[in-house]
Peer 1: 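My questions will all concern the structure given below.
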Number of protein chains: 4
Amino acid sequence: MEKTKRKEKEYQLRRADILDEAEKIFAAKGFHSTTMAEIARTSGFAIGSLYQFFNGKEHLYGTMVSEKLDRMYAEIREAVAGRKTVMEKLEALVSSHFNYVENNLDYWKILIRAESITLSDEDASLKEKIISCYLSHIHFVEKIIKEGIRTNFFKTIDPFSMACALHGIMSSFKFIYIMKPRPGSLKGRVPGVLDIFLKGVKKNAV
Amino acid sequence: MEKTKRKEKEYQLRRADILDEAEKIFAAKGFHSTTMAEIARTSGFAIGSLYQFFNGKEHLYGTMVSEKLDRMYAEIREAVAGRKTVMEKLEALVSSHFNYVENNLDYWKILIRAESITLSDEDASLKEKIISCYLSHIHFVEKIIKEGIRTNFFKTIDPFSMACALHGIMSSFKFIYIMKPRPGSLKGRVPGVLDIFLKGVKKNAV
Amino acid sequence: MEKTKRKEKEYQLRRADILDEAEKIFAAKGFHSTTMAEIARTSGFAIGSLYQFFNGKEHLYGTMVSEKLDRMYAEIREAVAGRKTVMEKLEALVSSHFNYVENNLDYWKILIRAESITLSDEDASLKEKIISCYLSHIHFVEKIIKEGIRTNFFKTIDPFSMACALHGIMSSFKFIYIMKPRPGSLKGRVPGVLDIFLKGVKKNAV
Amino acid sequence: MEKTKRKEKEYQLRRADILDEAEKIFAAKGFHSTTMAEIARTSGFAIGSLYQFFNGKEHLYGTMVSEKLDRMYAEIREAVAGRKTVMEKLEALVSSHFNYVENNLDYWKILIRAESITLSDEDASLKEKIISCYLSHIHFVEKIIKEGIRTNFFKTIDPFSMACALHGIMSSFKFIYIMKPRPGSLKGRVPGVLDIFLKGVKKNAV
DNA sequence: GATGAATGAGGCTTCATTCAT
DNA sequence: TATGAATGAAGCCTCATTCAT
């Protein structure tokens with residue numbers, strides 16, 4: 001019994017190792033220019049061994065993107081979960097998101113590239129998964145916003161649009177950060193993001 | 001003389017045809033899954049002929065992305081150029097941008113995929129070009145914003161951040177539009193985008 | 001016009017060359033142990049060129065087996081066609097069959113191996129084709145035999161069984177010939193084959 | 001002592017199990033498309049365990065084909081051994097052969113495929129073994145025929161040819177039976193086979 | 001200039017066999 | 001002795017690019 005558990009644990013460790021190494025290479029070269037041989041070499045396995053963990057290159061790629069996507073959104077939701085007021089929730093949302101990006105730069109390079117969109121991951125295409133995750137996250141933000149509307153914290157604007165807007169502002173800063181890493185951290189921009197989102201940029205706005 | 005001009009004109013027409021057809025295929029399949037053979041077939045040329053217009057696949061792709069990028073930004077700038085007030089300029093900026101996206105869906109699918117980032121376009125990598133265009137466009141927006149600050153239309157916030165924020169809000173709507181084309185047009189969202197950007201979402205914001 | 005014809009002709013020549021060389025190798029090593037690389041090398045083409053003539057290894061193999069099967073049966077039928085009496089027809093049948101085997105030893109090594117049976121030739125499996133050809137040939141023999149029954153040349157035995165028997169006797173000699181080529185030619189055995197088939201081996205038989 | 005015997009017995013049982021399962025799979029898929037992994041799974045052993053019984057895939061295949069070949073021929077000879085007259089021996093020969101085929105369809109599918117011919121079984125190639133068994137069986141039949149000639153039961157024809165002919169007739173019916181199993185059993189065809197073989201098909205033959 | 005057949009490097013994947021546990 | 005994860009050689013096939021016509 002113990003033995004089986006131990007084996008399973010080791011299996012998961014190896015699998016995670018592969019995914020980690022693959023992530024780096026995919027981030028640097030993109031899906032097509034990354035070879036199974038390189039992933040194998042980098043992760044210290046034989047080529048054939050990769051196929052004990054994944055059905056193929058697409059599966060390896062899809063698994064990595066997909067699992068990490070889940071973890072990321074879970075992390076963000078968890079960060080938000082502990083907060084009480086809408087304002088606190090917004091701060092947690094943006095802050096944990098930026099935090100994740102800073103700690104997972106390679107992964108974000110992959111997401112930005114959005115190659116996933118073309119792949120034909122066996123059954124449910126990876127594209128669907130990503131978009132659905134994306135939308136479900138937007139809806140999560142939407143809920144917070146609806147709460148804010150109810151509590152008179154927000155104006156009565158279409159919540160979906162507001163969620164999109166917030167997400168977009170964040171994305172823009174993420175993009176700049178990823179493409180041209182600046183001295184300033186991403187996290188330092190949280191107040192600025194929220195400020196614009198909440199109050200807008202126009203002087204004397206109503 | 002006349003003959004040479006005529007030839008040159010025909011050459012440019014053919015070249016544009018190839019780029020147009022290539023755009024569609026790249027948009028549908030991505031860079032790597034698109035073959036020179038398919039581009040040739042679709043555009044009605046022989047494979048070998050493509051190489052009289054472009055040095056290779058990357059060059060063809062890069063040229064298409066790059067030239068169209070220039071044209072797009074030019075179009076936006078031109079739309080803005082005719083406007084007087086900052087507010088009008090903002091409207092023109094967002095409006096012409098959304099307009100371009102609606103009329104060039106395929107191209108935007110390509111840009112979103114951002115495969116360009118990986119390519120090693122002989123000398124100046126396409127990645128550099130795109131990012132530089134992107135930044136230069138941000139700076140263009142920045143300038144409008146600076147003008148708005150000077151004229152007391154905008155608050156005194158870091159103009160670069162403001163430009164990013166505006167761009168981000170737009171991107172978010174673009175993304176939704178491209179991924180899940182909704183009945184509502186993109187252009188219809190211009191006021192909403194500007195409203196959030198200008199006044200924020202918080203009630204009673206200062 | 002002439003040019004197109006010429007091209008087509010050359011194409012067919014090249015194609016036939018490949019099939020010929022492939023036949024030799026398949027005969028010597030079997031389907032699975034034969035590599036596309038070897039076929040390419042032997043036939044003087046690049047690997048990639050093989051794929052301009054055939055969709056893949058199975059297709060190449062299937063085409064070769066199938067086309068040659070047709071030609072063989074056609075040759076035999078033609079040989080029979082010119083004959084008048086049943087006896088002459090039988091002689092022509094056996095004789096031309098043995099003749100073909102002697103002149104196409106490699107091909108018969110392939111047919112005997114019957115690997116074709118496992119392959120999953122895209123649509124109509126090669127197996128079906130071969131069996132159907134086989135049966136249709138048996139039926140062809142059957143017709144001759146029926147004629148012999150009508151003309152009182154043959155006893156009134158089930159014609160299909162008779163056809164099978166004749167085919168079997170021939171196969172047996174073919175097999176011995178192919179496996180352990182003996183000094184005596186196959187053709188020399190035609191009278192012996194017919195003698196046993198017609199009169200049996202029992203003394204004083206009715 | 002007892003223990004050793006017991007072990008040996010179990011070893012032989014396991015070995016036979018493997019061979020039985022392997023036979024089914026080889027029959028269905030052919031040598032190359034059958035994997036050691038599948039044989040292991042089906043027979044309930046670990047992959048590595050197979051290598052305690054056989055040196056490798058070819059050896060496993062060769063052993064199965066070879067041992068079964070021996071058993072088959074032994075069975076036929078035994079059936080013949082008890083008979084007195086040549087006619088009875090012939091009947092037993094054909095009958096037991098057909099019987100074996102009916103009861104070992106899978107094995108015959110393998111023999112018909114004749115992949116064995118290509119394999120390079122380390123020392124004595126399997127091909128040699130099969131051909132030698134085949135010939136030795138032909139010679140066995142030959143002996144019966146010689147006896148028939150001596151006893152004036154058969155005409156004075158080359159006994160080898162006669163043996164081949166009989167074998168061929170049988171093979172033909174076997175082939176039809178295996179490829180397109182018909183309602184009628186193989187055994188029911190014994191009289192027909194012998195009739196043609198003994199008396200031929202020609203009316204008023206001498 | 002235009003063509004498209006020919007090229008062959010290189011990728012993904014399979015699977016017989018080994019060996020540490 | 002039994003296991004089955006690890007190995008890596010080798011095969012099929014694709015496709016950007018060239019060049020003879």
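Here is how names work: the chains are called A, B, and so on, in the same order as the sequence lines, proteins then strands, and each is numbered from 1.
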Peer 1: Less than 3.5 Å apart, which donor and acceptor atoms pair up between the side chains of residues 41-51 of chain B and the rest of the protein, not counting sequence neighbours?
Peer 2:
residue	atom	partner	partner atom	Å
B:T42	OG1	B:E38	O	2.7
B:S43	OG	B:I39	O	2.7
B:S43	OG	B:A40	O	3.4

Peer 1: Phosphate oxygens OP1/OP2 of E:dA2: is one of them under 4.0 Å from a side-chain N or O of B:Q52?
Peer 2: yes

Peer 1: For the CD1 atom of A:I130 and the SG atom of A:C133, what is their distance to the nearest 0.5 Å?
Peer 2: 8.0 Å

Peer 1: Between atom CZ in D:R41 and atom P in E:dC15, what is the gap in whole Å?
Peer 2: 11 Å

Peer 1: Return the minimal non-hydrogen interatomic distance between D:M36 and D:G56, and the atom names on each side.
Peer 2: CE-C, 4.2 Å

Peer 1: I'd like to know if C:E67 and C:R15 make a salt bridge, using a cut-off of under 4.0 Å between side-chain N and carboxylate O.
Peer 2: yes

Peer 1: Between CG of D:D106 and CG of D:L111, what distance do you get to the nearest 0.5 Å?
Peer 2: 11.5 Å

Peer 1: Taking salt bridge (charged side-chain N to carboxylate O under 4.0 Å, His left out) as the test, write out the residues that go with B:D70, two or more places apart.
Peer 2: B:K129

Peer 1: Classify the ring geometry of D:H32 against C:H32: parallel below 30°, tilted from 30° to 60°, perpendicular beyond 60°.
Peer 2: parallel

Peer 1: Looking at residues at least two apart in the chain, or sitting in another chain, which of them share a salt bridge (charged side-chain N to carboxylate O under 4.0 Å, His left out) with C:K24?
Peer 2: C:E21

Peer 1: What one-letter contact string describes nucleotides 13-18 of chain F from 5' to 3', where B marks a base within less than 4.0 Å of any protein heavy atom, S marks contact via sugar-phosphate atoms alone, and - marks no contact?
Peer 2: BBSSBB

Peer 1: I need the residues from residues 7-30 of chain B with at least one non-hydrogen atom less than 4.0 Å from DNA chain E; give them sorted by number, or say none.
Peer 2: none

Peer 1: Determine, for B:F31 and B:K57, whether the Lys NZ or Arg CZ falls below 6.0 Å from the six-membered ring centre while staying within 45 degrees of the axis.
Peer 2: yes

Peer 1: Given atom CG of D:L50 and atom P of F:dT1, what is their separation to the nearest angstrom?
Peer 2: 16 Å

Peer 1: Please state how far atom CD1 in D:I39 lies from atom P in E:dA16, giving the value in whole angstrom units.
Peer 2: 8 Å

Peer 1: Tell me, which stems hold DNA chain E, with a stem being 3 or more Watson-Crick or G-U pairs in a row and both distances under 3.5 Å?
Peer 2: E:2-21 with F:2-21

Peer 1: Is the D:F53-D:Y11 ring centre distance short of 6.0 angstrom?
Peer 2: yes

